[in-house]
Amino acid sequence: MASPASCGGRGEPGQTPARRLSCWRTHATGAGLRAEVALYRMGTIARDELGDPTQALAAFEELRRRYPDGTLRGEAELSIVGLLARSGRYTEALAESATLLGQRSGTERAAELHVLRGNVYREGLGDLTRAASEYGLASVETGRPATVDEALFLHAVTLEALGRQTDAVERYRQYLTRVHPAHEKEARKRLQRLSLP
């Protein structure tokens, strides 16, 4: 069997996503860390490059099944929740994320899971009250700065949409105290609009 390096990287000449996916599929038939990595790579290629959520879900679910204590299980589970949400399978995404939040591995990624849940409630189910609650939880979690940044901004936007203007103003102000907030321009515009008499 060829080495995983032979599967090539994204953008490498002659290595189409389909060809790389096929190469990783060969490695996934083995065992151990090499097969676990291969399943993860299959999922990311199908999701990010081929736009095939069904194939991506199958790879991540197989990784979780075959490697319940694997190194990449947490990443695979987070990807599963995101793919379920993007596929419109909102109830399943919420159930999966709730299960993860109840596990130790999920608490490490709690901020990301709460943002995903907030997005499902806001964009998928139109439940702004629950979305605001999830974004609020994510914004106080210790997580990746970009995730907390997104949570604070979306919390403010959702509070504004709920008509809770005083709370939204406070949240936008808090958001703008962050170092290089990603949505600074829009947050300032929204804050100015809310502050007008």
Are V37 and I45 connected in a single hydrophobic cluster, I mean Ile/Leu/Val/Met/Phe/Trp/Tyr linked by side-chain heavy atoms less than 4.5 Å apart?
yes

Do you reckon L94 sits in the same ILVMFWY cluster as L128, going by side-chain contacts under 4.5 Å, direct or chained?
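No, because L94 and L128 fall into different hydrophobic clusters, even though each may have its own neighbours under 4.5 Å.
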
Using modelled atom types and a 3.5 Å cut-off, is there a donor and acceptor pairing between side-chain atoms of [X] and backbone atoms of [Y]?
X    : Y    : result
Y175 : H155 : no
Q165 : L194 : no
S22  : R19  : no
R144 : E112 : no
Q174 : L152 : no

Which hydrophobic side chains are connected to L159, either touching it within the sub-4.5 Å cutoff or through other members that do?
none

For the CG atom of L84 and the CG atom of L57, what is their distance to the nearest 0.5 Å?
5.0 Å

SG of C23 to CZ of R20: how many Å apart, nearest 0.5 Å?
9.5 Å

Who passes side-chain hydrogen bond (donor to acceptor under 3.5 Å, both in side chains) against E160, sequence neighbours left out?
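Scan of E160 (side-chain hydrogen bond (donor to acceptor under 3.5 Å, both in side chains), adjacent residues dropped) gives Y172, R190, R193.
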
Return the set of residues passing side-chain hydrogen bond (donor to acceptor under 3.5 Å, both in side chains) with T158 (not counting sequence neighbours), or none when no residue passes.
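For T158, no residue satisfies side-chain hydrogen bond (donor to acceptor under 3.5 Å, both in side chains) once neighbours in sequence are set aside.
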
Using the rule given for side chain to side chain contact (heavy atoms under 4.5 Å, CB included), can you reason through R86 versus R47, listing the C-alpha separation, both sets of side-chain angles and the distance that settles it, and then say yes or no?
CA-CA 11 Å; R86 281 183 13 199; R47 179 191 65 201; 3.6 Å; yes

All pairs passing ring pair (Phe, Tyr, Trp, His ring centres under 6.0 Å) where residues 110-150 contributes a residue, at least two apart:
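Residue pairs passing ring pair (Phe, Tyr, Trp, His ring centres under 6.0 Å), neighbours aside: none found.
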
Applying salt bridge (charged side-chain N to carboxylate O under 4.0 Å, His left out), can you list everything that pairs with R65, at least two apart in sequence or on another chain?
none

Does E184 have any salt bridge (charged side-chain N to carboxylate O under 4.0 Å, His left out) partners at least two apart in sequence or in another chain, and if so, which?
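Partners of E184 by the salt bridge (charged side-chain N to carboxylate O under 4.0 Å, His left out) criterion, ordered by chain and then number, come out as R188.
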
Residues E77 and R73 bridged, charged N to O under 4.0 Å:
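Yes, charged N to carboxylate O under 4.0 Å.
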
When you check the gap from the basic side-chain N to the acidic O, do E96 and R64 get nearer than 4.0 Å?
yes

Under the criterion side chain to side chain donor-acceptor pair (under 3.5 Å), which of R109, E92, R117, E134 is the partner of S97?
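Of all the options given, the one that passes is R117.
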
Check the surroundings of atom CD in E186: do more than 12 heavy atoms from other residues, nucleotides or ligands lie under 6.0 Å from it?
yes

How about CZ on R178, more than 12 heavy atoms from neighbouring residues, nucleotides or ligands closer than 6.0 Å, or not?
yes

Is there a side chain to side chain contact (heavy atoms under 4.5 Å, CB included) between H183 and V157 once you walk through the steps?
CA-CA 11 Å; H183 306 285; V157 168; over 6 Å; no

Would you tell me whether R41 and T44 have side-chain atoms, one donor and one acceptor, within less than 3.5 Å of each other?
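T44 and R41 do have a side-chain donor-acceptor pair below 3.5 Å.
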
